[in-house]
Every structure is written in C-alpha cells, then in structure tokens.
Novice: 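Mind having a look at this structure? Questions to follow.
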Amino acid sequence: MAAWDLSVTVEDLGSDAPPVTLSVDSGLHVGGVILKLVEKTQIKRDWSDHALWWEQKQRWLLRTAWTLDKYGIHADARLVFMPQHKPLRLGLPNGITLRLRACFSSSVFQTVMGICRMLNIRHPEELSLLQPVEEKKKKKDKNSAEEIYDLTEVPLSSASRPCLYNGMPAHFADSPQMEAIYKMLSVTQPPPAPEVIAKQYRAASVVDKAHIHGRWLDSSRCLLQQGIQENSRLWLRFKYFAFYDMEPKYDVVRLTQLYEQARWAILLEDIDCTEEEMMLFGALQYHISKVSQSEPQMLSSSAAMDDLESALQSLEVKMEGESIDDMSNVIVCFRPKRMTLKGYKQYWFKFQDTSISYFKSKEESIGEPIQQINLKGCEVAPDVNVTAQKFLIRLLIPAPEGMNEVYLRCENEQQYAQWMAGCRLASKGKSLADSSFQSEIQSIRSFLAMQKTSSGTHGNAPANDESINTHSLVSPRYHKKYKAKQLTPRILDAYQNVAQLSLTDAVMRFLQIWQALPDFGLSYVVVRFKGSRKDEVLGIGPNRLIRIDLAVGDVVKTWRYNNMKQWNVNWDIRQVAIEFEGNINIAFACVTADCKIVHEFIGGYIFMSTRSRAKSDTLNEELFHKLTGGHEAL
Amino acid sequence: MDDIDAMFTDLLGEMDLLTQSLGQETVPPAPLPSTDKEVNYSIGYADLNESLNELEDCDLDALMADLVADLNATEEKFAAQKEVLKVPSLPPPDLPPPPKGLSTHPASSLASPASPASSTSSNVSTPASSTASPLPPPPPQVPKPTKEEMEANIKADKIKLALEKLKEAKVKKLVVKVLMNDGSSKTLMVDERQTVREVLDNLFEKTHCDCNVDWSLVETNPDLQLERTFEDHENLVEPLSAWTRDSENKVLFQERGEKYEVFKNPQNFYLWKKDKNALKDMKDKDKELLIQENFCGTSIIVPDLEGVMHLKEDGKKSWKPRLFQLRASGIYYVPKGKTKSSRDLICFVQFDNVNVYYGKDFKGKYKAPTDFCFFLKHPQIQKESQYIKYLCCDDAWSMNLWVTGIRIAKYGASLYENYKTAEKAAVSSVWTNRSSSTPSSSNPSTPSPTIKAKSPSQANGHAPKPQQGPVSVDFGNVPPPPPPPPLSVFPHPTPPLAAKSSSKPAAPQRHLPTNFPPPPPAMDLLPPPPPPPNEDDALEAPPDFLPPPPPAIGFGSLPPPPTFNSPPLPPPPVSFRGVDQSLPPPPPDPGFLPPPPPQPMFTGAGAPPPPPPPPPPAAVPRAAIRPSGSVKKMPPAPPKRTTPSLQGGDGGDFMSELMLAMNKKRVH
C-alpha cells in the first residue's frame with residue numbers, strides 16, 4: 001500500500017506549533033498512528049488519556065484497532081491529538097464554580113456520570129449539563145474575582161463508586177483544601193445577599209423558561225461534538241425531577257445540591273408559589289442556614305452520635321422537667337376583647353403546664369385565678385415593633401362558641417421572648433418543661449435582633465449568624481412589596497412550625513413543599529402543534545405532558561405517560577409524534593429547543609420510571625441510551 | 001378460686017371508681033374545655049341518670065369486660081415482672097380511697113373549669129403516696145427490685161401494683177356510646193391513647209360486621225349540623241373532649257364509602273378534569289400507578305382542584321361565588337380582577353388548626369345555594385361562630401373532591417397508611433369471619449370489588465408500619481390490646497386456621513361475606529340478635545378479650561417485607577422500545593408486569609412455604625398462632641415492661657375462669 005502524509009496537530013505542543021506530519025498507509029490502525037506520533041514528538045509522559053479527534057467530521061477516533069481506511073481518513077484529514085479529559089468550569093446548583101477535568105470524548109451522559117462520581121452524587125442519570133445563560137459582558141470585571149474551586153488534580157478513576165473515607169470520597173481527604181471543597185459541596189450556602197438575587201437572570205415568562213430548557217446538552221453526544229471547548233462554562237443541574245431513593249445518609253451532596261437548586265428556583269421565581277408558601281420557604285431557609293452553621297458536619301451523623309444525642313436530650317428533658325415547670329411572677333397586661341376600647345389592664349399572670357392563669361395581683365396568686373386559659377390548640381401571633389418597644393402576643397383561643405381573642409402585652413424583649421416561647425409550645429400541647437423551650441426563646445430573640453438590624457441599616461448589613469436580612473430569603477418581588485422588618489414577623493410566624501426540625505428534616509421539608517407546588521417538575525418548550533397556527537407551550541413533567549395556551553396561560557390538555565403507546569421523531573422534518581391510548585395522536589414541531597431535547601426528556605422520564613430497587617445500583621445505561629438516543633441509538 | 005374472688009372484689013372496686021367518677025363528672029360546668037388527663041366521664045349521654053341507668057344493664061357487662069381486660073393486663077404485666085405470682089389476693093384497700101377523694105372534693109372545682117382535673121389528680125395521688133411512703137414517687141416506673149426481705153418484697157409488690165393502677169387511672173378514659181346503623185348502640189371505654197383504628201377493631205369484634213375499609217366512626221353535631229369521619233390515626237378521646245357537656249353530639253359507626261374512595265378510585269380525584277366515562281373503566285394497574293405517584297413519592301401530591309364555590313362570608317348571611325384553588329399549603333382564592341397565577345392568590349385558610357366537616361341541610365339552615373356544603377373550623381368550636389368557614393359546592397361530586405383533597409393536604413401520608421391498615425384488617429377479618437359463618441349467605445353488594453380482589457397481595461406487600469401502637473412499650477403497660485389468650489380457650493380462632501390452610505382458598509376471597517349490614521352477621525354467627533339483651537352480651541363479651549388486632553401483631557412481628565418500595569410499577573416502559581421507527585407497541589415485557597411476588601414473606605416468616613396461590617390466608621393464620629411464640633422471645637430484652645401478649649396461654653385460662661365466675665355471680 002502506498003504511503004501518504006498525515007498531519008496531526010498535537011495539542012500539548014502549543015497552539016502555535018505546526019502539525020506533526022507522519023508517513024502512514026491506509027492499512028495502519030489508529031493505535032499505530034498514535035505510537036508513531038508519540039515517538040516523533042519525543043516527549044516522555046503519560047499519553048494514556050490522549051486520543052485523536054477528527055476535526056472535519058467532528059468525531060473521536062477511539063477505536064485504536066480500526067484502520068485509517070476503515071475510518072475513511074485520507075491525507076486531507078485534519079486530526080488533533082489531545083487528552084480526552086479536559087478542564088471544565090462547572091457551575092453547581094449552589095452557584096459555586098468548580099474547575100474539574102471532565103471527559104470530552106464520551107457521551108455527555110457518561111461525562112455526567114464521571115463528574116457525579118467525583119463529587120459523590122448518586123443517581124447521575126437525574127442530572128445533566130446546561131449551557132449557561134450568557135452573562136452580560138459589562139460586568140466582566142466583577143466576575144474575575146469569582147472564587148473557583150479547583151478539582152483538576154483529582155486522579156481520574158474508573159471505579160464505579162469511590163471508596164469513602166470519613167463519609168467522603170477518599171480524594172477529598174487528601175488535603176485541607178480538598179476537605180474545604182467537600183464542605184462547600186455538602187453544606188448549604190448561607191443566604192445570598194438580596195442584591196445578588198436581584199442581579200441574577202430571572203425568567204419572566206414561560207417562554208423565557210422554555211428558552212432555558214433549550215440549552216440542555218445532548219446526552220448521547222460528547223462535549224467536543226457539541227462545541228464545548230476546554231475551560232468552557234457549563235452548569236450542572238438536576239434535569240429530571242424524579243428523585244429516586246433519596247437517602248440522607250448517602251446523599252449528602254446530592255441532597256444539598258438539590259436543595260440549592262430548589263432554593264434558587266424559588267428565589268428567582270422559576271417556579272411560582274403563593275405568598276404564604278414563600279414565607280414558609282423563607283423560614284426554612286433561615287432555619288437551614290442557622291442549623292447548618294451550628295452543626296457544621298455533614299447532614300448525617302453516625303448512629304452512635306444519634307444515640308448519644310437522644311440520650312442527652314432525654315436527660316435534658318428530665319432535668320428541665322425538674323427545674324422549669326411553671327413560669328410565673330411575670331406581670332403582663334391583657335385586653336380581653338378587641339371591641340372594648342378600654343386599654344390594657346394589668347394582671348399577675350402565671351404560666352403553668354399548657355395554661356395561663358391570671359390574678360389581680362401577686363398577693364392573690366395563691367388563690368383562685370380570675371380565669372385560667374388553656375392554650376392547647378390556640379393560634380399565637382406576634383405583634384411586635386422593636387423600635388416602638390411594642391411587644392404584643394395575640395392569642396386566638398378556641399372555645400366551643402368560637403375563638404377568643406386575647407392580647408398579652410409584655411414589657412420588654414426578654415419577657416416577650418419567654419412568654420411567646422411558652423405560648424408557642426403550649427399551643428402545640430407542650431409544657432414549659434419541654435426541651436425545646438430554651439431554643440424557642442433563642443430563636444425568638446434572634447428574630448427580634450433581625451428586626452433591629454434590618455430597620456437600622458436598610459438591609460445592607462452583611463449577614464452574621466444572629467441576624468439575616470429577610471430579603472435574602474424571598475424573591476425580589478417581595479423586596480419591593482415589603483420592607484425587611486415587615487417581612488420578619490411573617491417569616492417568624494411560619495418559622496414556628498419548622499423551628500424544631502433537624503437539618504436533614506428541614507432540607508427534606510423544603511424539598512417536599514417544593515415538590516408539592518402545582519408546577520413542580522415542569523420543563524417547558526415552545527412548540528407548534530400540527531394543524532395549529534400559533535405557538536403553544538408544551539410542559540414536560542415527570543409523569544405527564546401538558547399543553548399550555550400561551551395567550552391565557554391555562555393548561556389546555558394533559559396527557560399522562562402511562563397512556564402513551566408510542567412516540568417517535570421524524571428527524572427530517574423535526575417533528576415529534578405521540579400516540580396515546582384511545583386513538584389520540586398528537587404531533588408538534590419544536591420552536592425553542594431541538595426536538596432531540598424533547599425526545600430526550602420524554603425518553604428520560606420513561607427511563608426514570610423504570611428504575612426499581614432490585615437493580616438500583618447498576619445504572620442501565622443501555623436502556624437510557626435506547627430511550628433517549630434518537631439517531632445515535634440506532 | 002380464691003384468687004378469682006379477690007380479683008372480682010377488686011374489679012368491683014374499680015367499677016365503683018368508675019361510677020363515682022361518672023357522678024363527679026356532672027358537677028363541674030365546662031366554660032372552657034379543659035384538657036385534663038385524669039377524668040373518666042361519659043360521652044353520648046344527656047344526663048347522668050340516663051347514663052347510669054343504661055350502664056346498669058347491658059353496657060355494664062361490656063364495660064366490665066373492658067375493665068377486666070384492663071385489670072388483667074396490668075396484672076399480668078406485674079406478674080410477669082415479678083415472675084412469681086405471689087400476690088394472689090389484691091389488697092382492695094388500695095383501691096377505694098381515690099373515689100372518695102373524688103366525690104368529696106369537687107367543691108373546689110366550681111371556681112375554675114380546669115381545676116377539677118388538677119384537684120382530682122392530687123386527690124388520687126395522695127392516698128397512694130401515703131400508702132407508698134417508702135417507695136419511689138408516683139411515676140411508677142420502679143424498675144429495680146427492692147433490697148428488702150421477703151415480706152417487704154411482697155408489700156412492695158402490692159404497692160407497685162397499686163401504683164400501676166394509679167397510673168392507669170391517670171389515663172383519661174371516656175365511656176363512649178356508639179350508635180349503630182340499626183339504631184342500637186354499643187358502649188365502650190376508650191382511653192386517650194387509643195386510636196380510632198383500635199376502636200374500630202374493637203367494634204369489629206363486638207359487631208361481627210364484615211370489617212371492610214369503609215367502616216368508620218363518624219362525629220355528628222346537631223347544633224352545627226355537621227358530620228365528620230374521624231381519621232383512623234386520630235386519638236378518639238381528643239376530639240370528643242372538645243364536646244360541650246350538654247352537647248347532643250353523637251358518634252356513629254357507619255360505612256362511609258367516601259372515606260377511602262381516593263384509594264379505590266384515585267382517578268376520580270387526580271384526573272377529575274378528564275372525561276368521566278374514560279375514568280370509569282380505568283385499569284387497576286393505572287390506579288395503582290396513580291397512588292404510587294401521589295402517595296408514595298418523597299412528597300404527597302394534593303389533587304389539583306380549582307373551581308367556583310360559594311362562600312358564606314364571616315358572619316354574613318349571603319353566599320358569594322369565588323374561584324378557589326386547593327394547594328398543599330391551603331385553600332386560596334383568586335382575587336377579583338387578578339390572574340390565576342400563584343403569586344396573586346389570596347390565602348383563604350390553611351389547615352394546621354382546622355378540620356373539614358360536611359354540612360347537612362345547609363340549604364334550609366343557612367340558605368345555601370345547594371345542600372352540598374362543607375366547612376372548616378377549629379375542632380373545639382362547637383357552636384355557630386364567625387370563625388367557621390362555610391363553603392358550598394355545586395354538586396355532591398365536587399364537594400367530595402374538595403373534602404377529600406383537603407384531607408389529603410392536611411393528613412398526607414397518614415391517610416394512606418390508614419388505608420393500608422384498614423385494608424389489612426379487612427382482609428384478615430374476612431378469613432376469621434369466613435371460618436365461623438358460611439360465606440354464601442352474604443349479599444354481594446361490594447362497593448369496591450377491585451380493591452377487594454387486590455388486597456391480599458397488597459397486604460403482603462406493605463410494610464407493617466401501622467402497628468406501632470400495640471407493639472410499643474407504652475401499650476405493654478395498658479389495657480387496650482388485651483392479651484391474646486383466647487387461642488386456647490375459645491374454639492373459634494383455631495379451627496379456621498385448619499380450615500383455611502387445608503381448603504383451597506383461591507376462589508373464596510371473591511365471594512366473601514363482605515359488606516352486609518352489621519346486624520345480620522351477628523345473627524349468622526351467634527344465636528341472639530344484637531338489640532342488646534343480656535345473654536347476647538354474655539356471649540359477646542369473650543371477643544372483647546381477643547386482642548383486637550391479633551393478625552396485625554403477627555404482621556408486625558414478621559420481618560419487614562422488602563416489597564414495600566419496590567412495586568412502583570414501572571409504568572409502560574414496555575411500550576417504548578422502537579423509539580424511532582413507529583413500531584407497534586411490543587408485547588409487554590414480562591419482566592415489568594407482575595407485581596413483585598410475595599415470596600419473601602414466606603421465607604422471611606420462617607415457615608414452610610404454604611400453598612402459593614393466595615398469600616394472605618397463609619400469613620394470617622400464622623399470625624394468629626405466632627404472637628405467643630414470637631413475642632415470647634422478647635421479655636428478656638425489656639425486663640421491666642412486658643407486653644400483655646406474653647401471657648398467651650395461661651392468661652387465657654385465667655380469663656375464662658374469671659368469666660365463668662362472673663357469669664355464676666350474675667346468676668345468683
């Protein structure tokens with residue numbers, strides 16, 4: 001066979017270096033080419049990760065046993081010799097950027113698997129890579145200061161699951177810096193400053209959201225094929241909202257990042273919620289950030305620790321049971337009915353068990369009280385203005401005839417915090433002896449402190465651990481609607497229902513409420529239905545497709561996957577056709593995203609639903625590819 | 001026999017206590033509902049005399065039975081604790097004092113509503129501490145044996161027993177009269193730790209009804225014209241305690257199809273927007289999937305409800321239409337002139353502090369547009385009030401949608417847990433019933449044949465969570481689930497086992513004696529009909545001792561079935577193979593379809609594999625046998641408290657003798 005010249009660019013020689021020319025023949029296999037190439041460069045190093053990339057055809061020559069002939073390579077081919085793993089700037093759901101080496105030669109699906117393995121995230125099939133929204137170039141200066149965590153030194157392992165050391169993958173235990181990175185991954189970030197939230201890109205409409213979903217990378221092709229270059233920026237995000245087998249013990253990073261993604265979805269109004277829900281999300285964020293600061297280790301502690309903790313707690317209960325049984329000797333003012341315009345009258349109040357009783361004076365408190373009120377099941381609301389030194393507790397006490405309204409006016413912060421905590425516990429049927437009494441007082445005081453600082457500095461104060469700007473906990477819409485100090489009592493109100501949760505429980509609760517939102521899990525694509533003359537929106541959810549009228553915003557139609565008989569894509573006219581049971585056929589062309597993305601979403605969700613515990617540990621990659629691959633799967 | 005006599009006097013003492021506390025009960029008025037812990041009083045009786053009179057005859061026996069069970073449990077625990085049954089004659093002097101205290105002191109209770117309770121408690125505890133001066137304080141844990149001599153030991157034992165009883169007495173108990181469908185009533189004692197489920201199980205024993213999942217306890221309030229089905233996980237005593245003293249409220253024992261309709265036909269709630277005809281013949285597989293999706297995920301999904309309802313605004317007489325939306329966090333409405341977008345919604349009510357009730361005949365009472373009304377109120381509100389939120393729907397269907405949706409939002413996963421437990425109870429009862437009566441006579445008006453047919457496999461597949469109650473240590477200490485002695489005493493339960501395991505039970509589960517109204521089955525089973533005459537009760541009493549949920553306990557002791565989470569039926573992945581070519585749907589891949597076989601159950605239970613076809617029957621009988629065996633191993637671990645079930649065999653003998661003795665006494 002005749003020899004001919006093949007020129008190969010070797011990336012490691014620098015971008016200015018001329019291509020290396022090799023004399024080859026068509027029968028030479030790719031491995032031979034690489035061997036020749038390495039000999040010629042005379043550089044001694046580990047070349048094992050390197051491979052040839054054929055630029056014109058946009059494909060890797062990974063089968064080293066194939067001959068050039070078989071690949072169809074001729075003298076005009078421009079080949080590049082480069083490592084398969086290259087650094088990537090990866091934006092995590094928590095907003096932090098990691099620099100790590102990702103595989104540029106395998107399918108994005110496998111690349112994500114590799115990344116997740118490195119970061120210790122289980123079930124990588126639920127995540128994928130997203131091209132970020134372009135940042136405005138003007139703010140480039142600020143961006144350069146961004147801290148980047150570097151993971152490029154982590155050795156590439158092929159082990160399906162990294163061995164754990166101290167609950168984290170061994171490579172994170174190498175140095176304090178690495179441990180810090182793991183902490184960043186596994187501990188929730190403090191609430192962002194309100195300006196940061198305000199500056200972020202927010203999808204204003206469902207069409208905007210659809211545009212974002214057009215940016216998902218194709219999971220069956222490799223990064224390089226999709227134009228992703230070394231050091232590009234990509235976002236790692238949960239793509240399929242079907243979270244399988246969530247286990248706080250093993251899923252520290254997964255859970256944390258999912259929480260972060262959910263939190264940002266709420267803060268940026270990527271998913272709509274009501275004001276009440278927003279307050280609850282705010283309260284949970286506050287609680288989570290508070291608890292994760294005090295409890296810096298991972299979400300899960302060992303069983304032994306749990307035991308110890310519960311033992312200590314019960315001890316605490318016992319001891320407190322002996323010490324604080326009642327709280328009295330505190331004078332509070334009281335107004336029985338709202339309509340009586342008479343002012344507050346002073347009484348001697350006594351708190352016992354879950355009831356309060358009041359007396360004319362301290363001296364009479366040995367006798368029968370004027371009235372005793374059991375607070376179990378009552379509603380407790382604060383009415384506080386720190387600057388005006390107003391500390392009111394509003395009680396709505398259920399009675400057979402309706403609710404009795406009672407106001408308690410406390411003299412100072414200290415008294416208010418104690419009585420408020422007492423009322424809160426009593427309303428849940430717990431007495432003052434309950435172990436949570438002190439922490440309840442603490443949290444009430446820290447909320448009071450928040451009110452003080454936020455009213456003083458107009459929300460620009462950096463968040464220290466005692467006070468958080470409440471604007472950091474809600475979406476910008478509420479920044480405009482409420483002042484920070486107006487928000488505080490509302491969030492505090494919601495906070496009382498979650499204040500006792502452990503970190504893990506609080507994170508789980510946040511995720512549950514998020515998942516219970518009506519629009520949860522919907523990814524949008526603007527489509528044009530066959531026979532229709534206007535654009536409409538297709539929402540793709542974990543169990544259904546919905547058709548949304550763009551003009552009104554209403555859901556017009558819902559189709560569930562389990563009624564789906566088949567779907568297919570006509571790649572020539574880029575049309576998706578779906579057949580449902582009962583002879584229902586729909587077809588549409590995609591406007592804001594490639595139809596491959598829609599195809600992948602549907603197939604992906606079908607795949608997610610096939611996962612079962614029996615085969616939980618081995619990811620059925622082949623099936624995923626079959627369901628989502630499209631052309632490539634054939 | 002001496003023992004029994006002593007036991008009996010003891011019992012009488014207890015009865016005294018009960019009746020006296022009933023008397024005492026009527027003294028204090030109830031301006032504010034006090035939730036005290038120690039009072040025994042009766043619910044469902046308009047006045048004391050009536051209650052006592054009624055107690056006099058039939059109910060007394062039933063109550064006696066309950067009490068005996070109570071006592072027995074305490075007794076046994078105590079005995080087990082000491083191993084030596086050295087205290088045959090219980091010192092009656094230990095008991096009487098409290099009642100006296102109760103009856104003399106109520107004077108002090110007049111001043112404040114809550115004080116009767118506290119005075120009661122202090123009175124109760126004084127005699128105890130005086131008798132028990134050398135001993136640890138009231139909370140009668142007393143885990144360590146005293147270091148004194150034999151005599152002192154015996155004395156200490158007596159005191160301990162007394163303390164146990166005192167503790168028992170501190171548990172709030174209500175005598176509840178439950179109205180049956182046929183107008184008759186049953187009276188039972190419910191203690192504050194008992195859940196509605198346990199009370200239902202109890203009633204199943206007493207009524208011999210078919211135990212299907214629809215049986216419910218229903219609260220009615222004539223003042224508000226309300227009706228509410230108690231949820232199975234609720235503690236019955238708590239809502240009843242909110243009733244006013246003079247209330248005409250009632251507790252009914254009824255079949256309520258709507259209680260668990262959402263699990264029988266989830267499509268009607270989750271896909272209500274779809275064509276109703278299409279929903280009618282939904283495949284079981286798809287229903288199962290819907291339940292999985294909405295109840296078995298990380299988050300409970302509330303049906304997506306939206307619609308116009310009429311609202312009776314606070315204190316006003318008119319009803320105004322508004323567009324409402326149900327969300328997990330509450331009911332919202334769309335303000336006038338705004339869009340339906342979430343952020344514009346106004347919160348109408350959140351569910352933390354309210355329950356949802358059906359309103360009866362509101363067209364007449366409040367001039368509501370229709371009679372399909374429901375409302376939300378704090379459970380303690382018993383009279384008309386501006387704090388009650390009334391809503392009116394166009395039809396019964398949407399009313400049920402809303403009420404069920406609200407219940408899902410409020411109770412979440414508990415609702416499904418309840419259903420699974422109820423289903424289990426229904427399945428196991430089917431087998432016990434079947435054994436004692438011929439199934440042929442039942443009328444086949446099963447409302448939910450599909451579920452019935454399915455239930456066996458489900459009962460197997462689900463984790464035995466709901467059993468925390470009886471298994472937990474707390475209960476060891478208390479009567480509710482009395483020991484399961486009767487195995488050896490009453491012939492009933494055993495034959496069925498044999499019958500079951502020998503007969504081929506594949507077909508029978510179809511035509512079970514489900515669903516006949518309560519009275520007839522009783523006639524089938526036992527000669528005397530229910531309108532409660534004495535003999536009937538004598539016959540009915542024994543079942544009281546049956547541990548209400550014996551099969552459940554059995555399940556509880558089985559190793560956790562691994563299947564619980566696995567069945568998320570992989571939906572139709574089956575059909576999506578040839579993605580790109582439009583292949584016709586390939587034949588179902590067998591790997592996906594069959595729900596996980598119940599195999600592991602059998603091996604796990606450590607029993608020889610029974611005939612495979614219908615798993616539950618096999619599991620149930622074993623459950624019935626098991627408790628004694630499997631539970632027996634437990635005692636060493638928790639030494640101070642042993643579950644009553646421990647005493648299996650001889651306890652039964654003892655009980656039966658006691659019953660004999662009681663019957664004799666009555667004759668004399």
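The analysis underlying the following values was restricted to heavy atoms, covering all of them including side chains, and did not include hydrogens, waters or symmetry mates. So you know, we letter chains A, B, ... as the sequences are listed, proteins then strands, and number each from 1.
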Novice: Checking B/Lys340 against chain A: side chain, backbone, both or neither under 4.5 Å from a heavy atom?
Specialist: side chain
Novice: Tell me, for B/Ile388 versus chain A, whether the close heavy atoms (under 4.5 Å) come from the side chain, the backbone, both or neither.
Specialist: neither
Novice: Take atom NZ of B/Lys383 as the centre, draw a 6.0 Å sphere, and report whether it contains more than 12 heavy atoms from other residues, nucleotides or ligands.
Specialist: yes
Novice: Name all residues meeting the salt bridge (Lys or Arg N to Asp or Glu O under 4.0 Å) criterion together with B/Asp286; count only those two or more places apart in sequence or in a different chain, and write none if there are none.
Specialist: none
Novice: Is chain B contacted by the side chain of A/Leu280, its backbone, both, or neither, given a heavy-atom distance below 4.5 Å?
Specialist: neither
Novice: At a heavy-atom distance under 4.5 Å, which candidate from A/Met278, A/Glu379, A/Met246, A/Met508 has the highest pair count against chain B?
Specialist: A/Glu379
Novice: Measure the CG-OG distance between B/Leu224 and B/Ser385 for me, rounded to the nearest 0.5 Å.
Specialist: 9.0 Å
Novice: Checking A/Arg509 against chain B: side chain, backbone, both or neither under 4.5 Å from a heavy atom?
Specialist: neither
Novice: Between B/Lys283 and chain A, with a heavy-atom cut-off of 4.5 Å, which part of the residue counts as in contact: side chain, backbone, both or neither?
Specialist: side chain
Novice: Sort B/Asp223 into side chain, backbone, both or neither according to what part of it lies under 4.5 angstrom from a heavy atom of chain A.
Specialist: neither
Novice: For A/Lys481, give me all partners under salt bridge (Lys or Arg N to Asp or Glu O under 4.0 Å), at least two apart in sequence or on another chain.
Specialist: A/Glu275
Novice: According to the interplanar angle, ranging from 0 to 90°, do the rings of B/Phe324 and B/Tyr333 count as parallel (below 30°), tilted (30 to 60°) or perpendicular (above 60°)?
Specialist: perpendicular
Novice: Among B/Leu345, B/Ile301, B/Asn353, B/Val302, which residue forms the greatest number of heavy-atom pairs with chain A at distances under 4.5 Å?
Specialist: B/Asn353
Novice: May I ask you to name which of B/Ser299, B/Pro379, B/Ala409 has the most heavy-atom pairs under 4.5 Å with chain A?
Specialist: B/Ser299
Novice: A/Phe241 vs A/Phe243 aromatic rings, parallel, tilted or perpendicular, using cut-offs 30° and 60°?
Specialist: perpendicular
Novice: Between A/Ala516, A/Cys273, A/Ala577, A/Ser475, who has the most heavy-atom pairs with chain B when the cutoff is under 4.5 Å?
Specialist: A/Cys273
Novice: Check whether NZ of the Lys or CZ of the Arg B/Lys389 lies under 6.0 Å from the centre of the six-membered ring of B/Phe348 and within 45 degrees of that ring's axis.
Specialist: yes
Novice: I'd like to know which of B/Ser341, B/Cys347, B/Ala328, B/Gly297 tops the heavy-atom pair count under 4.5 Å against chain A.
Specialist: B/Cys347
Novice: Quick one: does B/Asp284's side chain get under 4.5 Å of B/Lys287's, heavy atoms only?
Specialist: yes
Novice: Given that the side chain runs from C-beta out, which part of B/Arg327 has a heavy atom under 4.5 Å from chain A: side chain, backbone, both or neither?
Specialist: side chain
Novice: Could you look at A/Asp554 and say if it's the side chain, the backbone, both or neither that has a heavy atom under 4.5 Å from chain B?
Specialist: side chain
Novice: Indicate yes or no for a side-chain donor-acceptor contact from B/Asn235 to the backbone of B/Glu238 under 3.5 Å, with no hydrogens or angles considered.
Specialist: no
Novice: Where does B/Gln386 contact chain A at under 4.5 Å (heavy atoms): side chain, backbone, both or neither?
Specialist: neither
